Enquirer: 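Okay, handing you the structure first.
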Amino acid sequence: MATNYSLIAKEIADIIGADKVFTEIHERMAYSRDWSVRPFNELSLPDIVVRPTSTEDVAVIVRIAYRHGVPVIPCGGLTGMVGGAVPTFGGIMIDTRGMNKILELDTDNLTVTVQAGITISKLNSELEKYGLWFPHDPESKQAATIGASIATRNDSTFGIKYGKIEQAVIGLVLVDGVGEIVRLGQRKTLISSSGYRLHWLLIGSEGTLGVITEVTLRIFPKFKERCVDMVAFKTFADAVKAVNRIVQAGLSIESVNIMCSSRFQYYTHAYRVKYGREAKIPPGTKAILCITFNGDDEVVGFSRNYALKICRELEGKVIEEEIVNAWWTSKHILKFEPGKQKWPDSQRAERFGAADASIPMGRLDEAYEKFREVALKNGLKILGMNVYVQAPYSLHTSVSFAVYVNDKDLDNIKRFYNYVKEMGLYALSIGGSSTSYQGDGEKYAGALCEIEHKDSLKLISSIKSIFDPKHIMNPGKKFGPSKWIKIGD
Ligand SMILES: Cc1cc2nc3c(=O)[nH]c(=O)nc-3n(C[C@H](O)[C@H](O)[C@H](O)COP(=O)(O)OP(=O)(O)OC[C@H]3O[C@@H](n4cnc5c(N)ncnc54)[C@H](O)[C@@H]3O)c2cc1C
């Protein structure tokens with residue numbers, strides 16, 4: 001029997017209010033895609049969109065969905081790059097962005113409890129009034145919500161000091177796949193050896209275990225000073241050597257990333273616009289180390305000088321300040337234009353896509369060559385490689401291998417996914433991970449996840465069934481066949 005979505009919409013509206021439930025086609029259209037690479041005219045429409053304002057609203061929606069056995073897809077800002085929030089099989093889309101309040105700010109214990117739909121930027125602009133901040137900083141922070149940052153385990157600029165988001169999540173409230181409200185983790189302290197760390201299971205869960213509705217995070221006093229530098233190296237290995245020595249020296253580093261020269265040209269678009277010329281780097285440069293320091297003035301000054309001394313000893317060339325400022329600024333002013341499936345115009349007019357992988361730090365030069373080889377073999381134009389360092393005070397990487405994609409050309413899209421598959425399998429073959437910040441989403445679905453976790457698949461699927469017995473939570477993501485990637489082709 002066909003599902004009667006009108007009836008389901010009415011059931012939800014009768015309990016949480018008709019003003020939160022949307023069924024008209026023009027209201028559903030905006031939820032048919034995220035920033036993943038897909039044909040420009042492909043639409044996956046949800047049958048109902050609901051914009052709850054509380055945990056209780058979400059529980060009502062999931063309980064009704066559970067009874068009818070229909071899909072539930074949580075979403076935040078829809079900037080995900082793997083189709084994680086795309087309603088692959090229709091169903092009920094839960095837009096969490098109406099749940100955007102700060103519920104408690106505890107300045108004595110340095111914690112904040114928020115509703116999961118608040119964006120990182122909004123949270124930080126509120127915290128700033130108290131001299132505090134939440135140091136999690138993807139470039140998409142203006143649109144990315146806290147719930148989605150947990151659900152994707154996205155990257156932060158400041159990973160080398162503060163780590164990935166799990167380092168910040170003290171506890172959370174989840175509406176599971178039955179509609180039960182469960183509190184996981186602690187409320188005021190990060191440290192516990194009791195029970196299991198169930199809240200960490202939600203990190204990278206991509207909406208497949210339930211809807212995160214509230215989160216308690218640890219926060220920090222805002223630092224006094226920040227200093228940003230870029231240093232050009234002849235190889236990635238030299239840049240890695242420099243970072244390892246800087247870490248070993250015990251300096252106050254806040255962020256580290258290493259990009260190739262093509263990625264550098266992409267990011268210095270703002271410099272080109274301002275000065276009317278290319279941002280120049282020394283000839284023979286392969287890797288550009290971008291590093292920031294934060295803390296009190298004296299500590300920052302000392303850390304910077306000492307770090308640059310190490311870089312010079314390793315034949316690094318320090319890049320001029322105007323270029324550094326242009327890069328840092330462009331990284332922090334991305335504006336998101338609703339409905340536009342491309343990098344914002346302030347940056348670039350062309351669409352891009354990326355393979356994301358974690359690569360062992362000693363293999364970055366080899367990975368760069370592999371990136372070029374696989375992209376060229378698949379006829380893709382290279383945008384560039386960027387290595388984000390995501391573990392506190394150690395060089396564990398999350399690498400973006402970006403290429404341009406024409407989403408009006410189906411063959412180009414297929415070649416892109418072939419490229420993504422090859423890069424993912426390569427990362428696995430050298431002991432890395434097939435995805436490091438985007439997630440498995442709809443792009444990989446189970447294709448690479450099932451290879452990466454072949455020994456624990458039974459456990460993973462049992463865990464999924466405990467949280468979501470009817471498998472209504474975000475179907476088509478993380479598990480099962482991928483539309484784009486087939487293993488064995
Ligand atoms: C221009 C641009 C720049 C970017 N920069 C970065 C970057 O620097 N670093 C980085 O890591 N990523 C980056 N991204 C990718 C993306 O922004 C992040 O992955 C971000 O976490 C997505 O947030 P969102 O709110 O838009 O999530 P959405 O796309 O709406 O959702 C993403 C996933 O989270 C799930 N989800 C959402 N909310 C919840 C919830 N409350 N409970 C359970 N599951 C939920 C969804 O079902 C989906 O699977 C960028 C993307 C773009 C387009």
Side-chain angles (χ1 to χ4, degrees), residues 30-31 33-37 46 52 55 58 62 71-88 91 93-100 114-121 136-159 164-165 172-177 202-215 255 257 330-337 340-348 351-354 356 386 388 390 398 400 402 435-443 467-468 473-478:
Y31 295 87
R33 50 195 298 145
D34 61 1
W35 286 61
S36 55
V37 171
T55 298
V58 174
V62 178
V72 174
I73 311 98
C75 83
L78 289 166
T79 65
M81 299 180 82
V82 285
V86 170
T88 312
M93 189 88 169
I94 298 188
D95 180 345
T96 60
R97 285 173 293 185
M99 301 197 295
N100 59 4
V114 295
Q115 288 186 304
I118 193 169
T119 63
I120 298 169
S121 285
H136 189 75
D137 186 82
E139 286 164 27
S140 53
K141 57 187 163 287
Q142 289 192 22
T145 60
I146 294 293
S149 298
I150 295 170
T152 57
R153 199 183 180 214
N154 62 7
D155 276 351
S156 165
T157 303
F158 306 125
K164 281 238 184 203
I165 198 155
L172 53 80
V173 174
L174 178 80
V175 174
D176 70 11
L202 273 297
I203 314 281
S205 60
E206 298 184 274
T208 60
L209 299 179
V211 186
I212 301 160
T213 58
E214 292 175 23
V215 185
S255 78
N257 73 278
S330 70
K331 199 172 153 51
H332 287 89
I333 53 160
L334 295 190
K335 294 229 171 349
F336 286 83
E337 298 162 66
K340 285 204 173 180
Q341 297 298 311
K342 62 183 184 185
W343 193 266
D345 288 342
S346 58
Q347 294 289 313
R348 274 293 190 189
R351 278 281 289 123
F352 75 91
D356 65 310
N386 204 354
Y388 298 92
Q390 292 300 315
S398 169
S400 159
T435 175
S436 57
Y437 68 92
Q438 296 181 358
D440 301 298
E442 189 193 51
K443 173 155 103 181
F467 279 80
D468 176 26
M473 292 309 310
N474 213 0
K477 320 295 159 58
K478 251 189 202 310

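Because the structure is a prediction, the values reported are computed rather than measured. All ligand and atom numbering here is 1-based and tracks the order in the structure.
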Enquirer: May I ask you to list the atoms of ligand 1 that are less than 4.0 angstrom from any heavy atom of N474?
Expert: 47 (O), 49 (O)
Enquirer: Tell me which part of I212 gets within contact of ligand 1: side chain, backbone, both or neither, using heavy atoms under 4.0 Å.
Expert: both
Enquirer: Compute whether any side-chain donor of one residue and acceptor of the other, for D155 and S398, lie under 3.5 angstrom apart.
Expert: yes
Enquirer: Please classify the T96 to ligand 1 contact at 4.0 Å (heavy-atom distances, strictly less than): side chain, backbone, both or neither.
Expert: side chain
Enquirer: Sequence neighbours excluded, which residues qualify as ring pair (Phe, Tyr, Trp, His ring centres under 6.0 Å) partners of F158?
Expert: W133
Enquirer: If we only count N/O pairs under 3.5 Å, is W35 in contact with ligand 1?
Expert: no
Enquirer: Tell me if a side-chain donor or acceptor on N474 pairs with a main-chain N or O of A85 at a distance below 3.5 Å.
Expert: no
Enquirer: Tell me whether N154 has any N or O atom under 3.5 angstrom from an N or O of ligand 1.
Expert: yes
Enquirer: Please list, in number order, the atoms of ligand 1 under 4.0 Å from a heavy atom of G210.
Expert: 43 (C)
Enquirer: List the residues meeting side chain to side chain contact (heavy atoms under 4.5 Å, CB included) with T435, not counting sequence neighbours, and say none if there are none.
Expert: D356, Q438, D440, Y444
Enquirer: Please determine if V211 has a nitrogen or oxygen closer than 3.5 Å to a nitrogen or oxygen of ligand 1.
Expert: no
Enquirer: Ignoring hydrogens and angles, state whether a donor on the side chain of D137 or S156 is under 3.5 Å from an acceptor on the partner side chain.
Expert: no
Enquirer: Does some non-hydrogen atom of S156 fall short of 4.0 Å from ligand 1?
Expert: no
Enquirer: Using the salt bridge (charged side-chain N to carboxylate O under 4.0 Å, His left out) definition, which of the options K477, K478, K443 pairs with E206?
Expert: K478
Enquirer: Judging by distance only, is a nitrogen or oxygen of G77 under 3.5 angstrom from one on ligand 1?
Expert: yes
Enquirer: Which of the numbered atoms in ligand 1 are below 4.0 angstrom from a heavy atom of C75?
Expert: 30 (O), 37 (C), 38 (N)
Enquirer: Check this for me - ligand 1, G80, N or O atoms closer than 3.5 angstrom, yes or no?
Expert: yes
Enquirer: Side chain or backbone of A151 under 4.0 Å from ligand 1, or both, or neither, by non-hydrogen atoms?
Expert: side chain
Enquirer: Kindly determine whether I146 and I120 satisfy side-chain contact (heavy atoms from CB on, under 4.5 Å), including the steps that lead there.
Expert: CA-CA 6 Å; I146 294 293; I120 298 169; 4.0 Å; yes
Enquirer: Does any N or O atom in M81 lie less than 3.5 angstrom from one in ligand 1, N or O only?
Expert: no
Enquirer: Using only atom types and a distance under 3.5 Å, with no angle test, would you say the side chain of S121 pairs donor to acceptor with the backbone of K141?
Expert: yes
Enquirer: Check whether any side-chain N or O of N386 sits under 3.5 Å from a backbone N or O of S400 as a donor-acceptor pair, and report yes or no.
Expert: no
Enquirer: Please say whether A116 places an N or O atom under 3.5 Å from an N or O atom belonging to ligand 1.
Expert: no
Enquirer: Check whether any side-chain N or O of S205 sits under 3.5 Å from a backbone N or O of T208 as a donor-acceptor pair, and report yes or no.
Expert: no
Enquirer: Suppose I only count heavy atoms of E206 and a 4.0 Å limit; which atoms of ligand 1 are within that range?
Expert: 47 (O), 49 (O)
Enquirer: Which of the listed options, S140, G76, A354, A148, holds the heavy atom that is closest to atom 13 (C) of ligand 1?
Expert: S140
Enquirer: Does ligand 1 come near enough to T145 that some N or O of the ligand is less than 3.5 Å from an N or O of the residue?
Expert: yes
